[in-house]
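Contents: one structure, followed by commentary.
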Amino acid sequence: MTRLLERVGVDAATLGLWRSIVVYNGQPWRRRGLDRFLAALIGPGDLAFDIGAHVGSRSRALARIGARVVAFEPQPLFADYLARRLDPSRIRLDRRAVGREPGEATLAISARHPTVSTLSNDWRNRVAADEGFRRVEWDARVSVEVTTLDALIEEYGEPAFCKIDVEGHEGEVLAGLSRPLRWVAFEYTPATLDLAGECLDRLASLGPYEFNFVIGEEAAFRIPSFLPLEAFRERLAEEADRNRRSGDVYARLMERPA
């Protein structure tokens with residue numbers, strides 16, 4: 001599909017959108033596995049936040065298992081697509097970004113690779129030298145409204161599951177959270193593993209968490225059991241060194257603090 005669009009001269013932004021659609025929504029055989037994976041974490045009626053919804057693959061999966069979903073996507077291209085495609089009776093779209101404090105911020109956008117658009121200049125500068133990002137150019141900027149997780153919890157309620165995929169801005173999202181949540185998932189990249197470490201430390205400061213992780217778009221945990229903070233930190237570093245693939249850390253609250 002994307003090669004066909006290139007041949008007919010489709011603009012970079014539309015090409016980037018379709019590339020994301022093909023990657024995340026164009027493989028229906030993966031849906032059943034993802035649904036089973038998520039259904040083991042939360043149940044029907046639970047509230048879920050999808051922060052960095054992109055083309056909505058995770059939001060749709062959460063909705064399919066019966067969760068009440070709020071999809072957060074500040075990037076205009078993706079947000080407009082989601083507004084057309086999502087069922088508003090099952091998934092609520094919120095166009096705000098999420099960060100440390102409310103206000104406005106500048107989103108750096110890659111037209112051809114829109115899934116790596118980011119609010120983090122530090123992350124963008126660091127991954128630019130990584131082999132996996134060598135073809136990425138952040139060629140546009142847009143001002144977006146920013147809110148905090150604490151404010152969103154006041155507005156929508158406390159989520160049982162919160163997925164955060166915001167290209168190096170994950171730590172800033174967690175900085176705006178002052179209470180532990182039952183499940184938190186956040187993206188990590190081997191090139192900036194120290195940022196994942198900051199997220200681990202932040203979650204550990206909020207409550208007694210244990211951790212596991214998923215590689216790429218797999219719908220299965222990489223290790224057979226959840227690990228405490230320091231043991232998990234070492235295991236994640238070993239995996240990042242070995243295969244250099246991005247993935248998602250899953251933090252499970254063992255018990256709610258008094």
Side-chain angles (χ1 to χ4, degrees), residues 11-25 38 46-64 67-121 123-124 136 138-178 181 184-187 248:
D11 67 90
T14 302
L15 180 64
L17 173 62
W18 275 103
R19 181 183 287 112
S20 298
I21 292 170
V22 169
V23 169
Y24 292 101
N25 291 344
L38 293 173
D46 282 340
L47 177 63
F49 286 175
D50 184 3
I51 299 175
H54 306 311
V55 292
S57 58
R58 193 58 57 93
S59 290
R60 291 188 180 92
L62 289 164
R64 286 195 300 269
R68 297 175 291 119
V69 184
V70 186
F72 300 91
E73 182 49 63
Q75 190 171 170
L77 181 73
F78 282 159
D80 290 345
Y81 169 79
L82 293 174
R84 297 190 301 268
R85 297 289 182 170
L86 295 183
D87 179 353
S89 68
R90 305 172 69 192
I91 305 170
R92 180 166 181 170
L93 173 63
D94 191 317
R95 293 173 179 258
R96 289 174 291 182
V98 186
R100 179 182 296 268
E101 56 188 22
E104 290 190 354
T106 299
L107 180 68
I109 295 174
S110 172
R112 285 187 173 272
H113 303 88
T115 57
V116 296
S117 299
T118 180
L119 287 169
S120 174
N121 291 330
W123 180 87
R124 177 166 53 86
V136 178
W138 288 271
D139 46 5
R141 304 288 186 275
V142 64
S143 180
V144 298
E145 182 183 355
V146 181
T147 187
T148 68
L149 262 174
D150 279 345
L152 293 173
I153 290 170
E154 290 298 316
E155 182 175 350
Y156 293 116
E158 182 177 304
F161 178 77
C162 180
K163 165 253 180 184
I164 309 169
D165 183 355
V166 288
E167 311 309 316
H169 192 66
E170 289 80 7
E172 291 296 295
V173 173
L174 291 174
L177 176 68
S178 62
L181 305 177
V184 177
F186 65 87
E187 186 187 37
D248 294 294

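Partners of Glu172 under the salt bridge (charged side-chain N to carboxylate O under 4.0 Å, His left out) rule, at least two apart in sequence or in another chain, are Arg100. Every residue was checked against the ring-ring contact (aromatic ring centres under 6.0 Å, His included) condition with Trp138, not counting sequence neighbours, and none meets it. Shown here are the side chain to side chain donor-acceptor pair (under 3.5 Å) partners of Arg96, two or more places apart in sequence or in another chain: Asp94, Glu155. Partners of Asp80 by salt bridge (charged side-chain N to carboxylate O under 4.0 Å, His left out), not counting sequence neighbours, listed by chain and number: Arg95. With sequence neighbours excluded, the residues satisfying salt bridge (charged side-chain N to carboxylate O under 4.0 Å, His left out) with Asp46 are Arg182. Remark: Phe49 engages Phe72 in a ring-ring contact (aromatic ring centres under 6.0 Å, His included) (not counting sequence neighbours).
Using a 4.5 Å heavy-atom threshold, the side chains of Val166 and Thr118 count as separate. Side-chain atoms of Arg68 and Arg90, non-hydrogen and from C-beta on, never get closer than 4.5 Å to each other. Two residues are said to be in side-chain contact when any heavy atoms from C-beta on lie closer than 4.5 Å; Leu149 and Cys162 meet this criterion. Contact of the Leu38 side chain with the Arg58 side chain is registered, since non-hydrogen atoms from C-beta on lie closer than 4.5 Å. Between Thr148 and Pro102 there is a side-chain heavy-atom pair separated by less than 4.5 Å. The side-chain heavy atoms of Leu119 and Thr106, taken from C-beta on, include no pair separated by under 4.5 Å. Two residues are said to be in side-chain contact when any heavy atoms from C-beta on lie closer than 4.5 Å; Asp50 and Ile91 fail this criterion. Considering only heavy atoms from C-beta on, Glu187 stays 4.5 Å or farther from Lys163 through its side chain.
Under the 3.5 Å distance criterion, the side-chain polar atoms of Gln75 are left unmatched by any main-chain donor or acceptor of Ile109. A donor-acceptor contact shorter than 3.5 Å is absent between the side chain of Glu154 and the backbone of Leu152.
Once rounded to the nearest 0.5 Å, the distance linking CD of Glu167 with OG of Ser110 reads 10.5 Å. Taken from NE2 in His169 to OG in Ser117, the straight-line distance is 13.5 Å, to the nearest 0.5 Å.
A side-chain N or O of Asp87 and one of Ser89 form a donor-acceptor pair less than 3.5 Å apart.
Contact between Leu47 and Gly157 at its shortest, heavy atoms only, is CD2-O, 3.4 Å. Closest of all the heavy-atom pairs between Glu73 and His54 is OE1-N, 2.8 Å.
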Subject >> Asp165 and Ile51: CA distance, side-chain angles, deciding distance, side-chain contact (heavy atoms from CB on, under 4.5 Å) verdict >> reply: CA-CA 6 Å; Asp165 183 355; Ile51 299 175; over 6 Å; no
